[in-house]
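The next block holds one structure in the form of structure tokens; read it before the comments.
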Protein chains: 2
Amino acid sequence: MSGRSGIAKLSRTVADDLRRRLEDGEWSPSERLPGEHELAAHYGVSRATVRTALRAVDARGLTVTLHGLGTFATVATRAVAADLHRLESISATIVRLDRQPGASFRTIAIRDATAREAAALDLVSGAPVLSTRREITADGEIVAYSHETIPRHVLAEDFDLLTVSGSLFGLLDAHGAYATSALTAIHASTGDEIGWGDEAPDALYVLLEQTHFDAKNRAVAFSRTWFIEGRFQFNLVRVR
Amino acid sequence: MSGRSGIAKLSRTVADDLRRRLEDGEWSPSERLPGEHELAAHYGVSRATVRTALRAVDARGLTVTLHGLGTFATVATRAVAADLHRLESISATIVRLDRQPGASFRTIAIRDATAREAAALDLVSGAPVLSTRREITADGEIVAYSHETIPRHVLAEDFDLLTVSGSLFGLLDAHGAYATSALTAIHASTGDEIGWGDEAPDALYVLLEQTHFDAKNRAVAFSRTWFIEGRFQFNLVRVR
DNA sequence: CATCGCTAGGTTGTCTGACAACAGGAGGCA
DNA sequence: TGCCTCCTGTTGTCAGACAACCTAGCGATG
């Protein structure tokens, strides 16, 4: 193990568990959660740690905390569809919706970066990149098309094209390029840029253009994913 | 002033200031912020308060905190376009982009809720609602069309249709229905549902369907806003 | 010279205990 | 009935301490 940081933090563990319980519907909307002292006792941690975890859950809009009253579950606990706050692989999202994910690669190649990709990844134009293109399915039905670009130097020297499979995050993790955040631009689009002709060019797509960064702010991947309108629900909780 | 809660919290004040400084570019991407002790001294608060503020800034993806190293600004500090994490009025977003916002109302009326609206707002079908429809402009150019629906009972008894103006949030605030969070669904759409014929029906739009809630989880408004693709940039920072 | 291991110092993570600020309910009172 | 005060439970903030962690520098080792 490479001693991944961030995953072992106590407050993170508590926050993840609280998030899971909230999404499982353990507290219905507007229902009050146990007090901070009680949660601290339950998890066997200090109140300070519980508070750190609660602030994380608050920030995602799953709860609202009121001074002198307590912490309350919000209606957002119902919104278990694709939560844009959370950075997870598309496959993981599909699994969470109790559907069977799949993907078939159309392209896996090392080539020179386009100007667009070089700009997004902060590379010199023409630098070598790994380019993958694939269809993403849920229960065998195509829900999205995706193009992914990873700088060659992010991957290990002895990297083998034939071993590419699974999700983008899985590939990055395997090479020690753990993606912790992403800058995402959202567009409406038709399908005429996808590029291999099976898709309906006039159909409507929600296009997510994402640059992924690791903990040190290095751009480790650029992806463009076209989600077929209506087959994928994007939800987002916004907090004032 | 009505003694609004949540705004006076010390940690919130510190977080807001840190966010402002980050977006002003006081720290360039990957640059380290002052340590927690130093920030505490600077703001004249305890380290616990600074940590609460930093967790809020972290959650928005503006910073990354690493155990034993410090807190670092991220590239997201450059992304000052429409930040979907932040719940602010469209007008406020346009102002932040140094453009002149405007709006012209097409419809202001009390009518019965449609089934769709009643479901979103948790009303009985046919309950009275305030319905507004308007165009939103930046420097005189139309950037979006918006439909907003507010339950009649949310507004004061002596409410006067003629006084409606300004933003959705302004109207809600004036009636004590302070919207603190929103559940947002993102779609790609054409313009054929907008309804008054000036818009291009075949153009591409990013459609945001939002249900707004107050601190007590009461649905106070339902809005559907069609943003003309290309005239409005939606950015979002996602955190693992 | 290159490499390894150790140490020192600075940083964030967690703990403990305490008090302040706030909201709501119970009860007394006019 | 209506108003006021007190009480209780909750979250917000404070202070100080120690643990866990990372980096840089240094010396020993080959």
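Please read these numbers as outputs of a predicted model, since none were measured by experiment. In what follows, chains are A, B, ... by sequence order, proteins preceding strands, each numbered from 1.
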**Study point:** Out of dT11(D), dC15(C), dT12(C), whichever nucleotide has its closest atom nearest the side chain of Arg51(B)
**Key:** dT12(C)

Revision key, fill the gap. Taking dT10(D), dC15(C), dC14(D) as options, the one with an atom nearest any side-chain atom of Arg32(A) is dT10(D)

Review point. Which nucleotide in the set dG13(C), dC15(C), dT11(D) lies at the smallest distance from any side-chain heavy atom of Glu36(B)?
Key: dG13(C)

Revision key, fill the gap. Against the side chain of Lys9(A), the closest entry in dT12(C), dT13(D), dT14(C) is dT14(C)

Review point. So, is Arg47(B) close to the dG16(D) phosphate, meaning a side-chain N or O under 4.0 Å from OP1 or OP2?
Key: no

Point to revise | Side-chain N or O of Thr52(A) closer than 4.0 Å to phosphate OP1/OP2 of dT14(C) | key: no

Practice item. Using whole Å, report how far OH of Tyr43(A) lies from C1' of dC15(C). Key: 19 Å

Point to revise | Residue whose closest nucleotide on DNA chain C lies nearer the 5' end, Leu33(B) versus Val45(A) | key: Leu33(B)

Check your understanding: To the nearest angstrom, how far is Asp58(A) atom CG from dT10(D) atom P?
Key -> 17 Å

Point to revise | Check ion pair Glu209(A)-Arg116(A) (N to O, under 4.0 angstrom) | key: yes

Practice item. Walk me through it: do Val64(B) and Phe213(A) pass the test side chain to side chain contact (heavy atoms under 4.5 Å, CB included)? Key: CA-CA 11 Å; Val64(B) 172; Phe213(A) 298 90; over 6 Å; no

Revision key, fill the gap. Rounded to whole Å, the CG-C1' distance (Leu66(A) to dG9(D)) equals 15 Å

**Study point:** Side-chain ion pair, Arg20(A) and Glu26(A), N-O less than 4.0 Å
**Key:** no

Review point. Mind checking whether His147(B) and Phe222(B) have ring centres under 6.0 Å apart?
Key: no

Practice item. Determine: side-chain N/O of Ser11(A) to OP1/OP2 of dG13(C), distance under 4.0 Å, yes or no. Key: no

Review point. Rounded to the nearest Å, what distance is computed from the CG atom of residue Leu69(A) to the C1' atom of nucleotide dT8(D)?
Key: 13 Å

Revision key, fill the gap. His37(B) NE2 to dG10(C) C1', in whole Å, measures 10 Å

Revision key, fill the gap. Looking only at dG13(C), dT13(D), dT14(C), the nucleotide nearest the His67(B) side chain is dG13(C)

Review point. Does Arg55(B) place a side-chain N or O at less than 4.0 Å from the phosphate oxygens OP1/OP2 of dG13(C)?
Key: yes

Point to revise | Interatomic distance, Arg12(B) CZ vs dT11(D) C1' [rounded to whole Å] | key: 16 Å

Check your understanding: Name the one of Arg152(B), Arg224(B), Arg111(B) that satisfies salt bridge (Lys or Arg N to Asp or Glu O under 4.0 Å) with Glu117(B)?
Key -> Arg111(B)

Practice item. Would you kindly give the CZ-to-C1' distance between Phe72(B) and dG10(C), to the nearest whole Å? Key: 12 Å

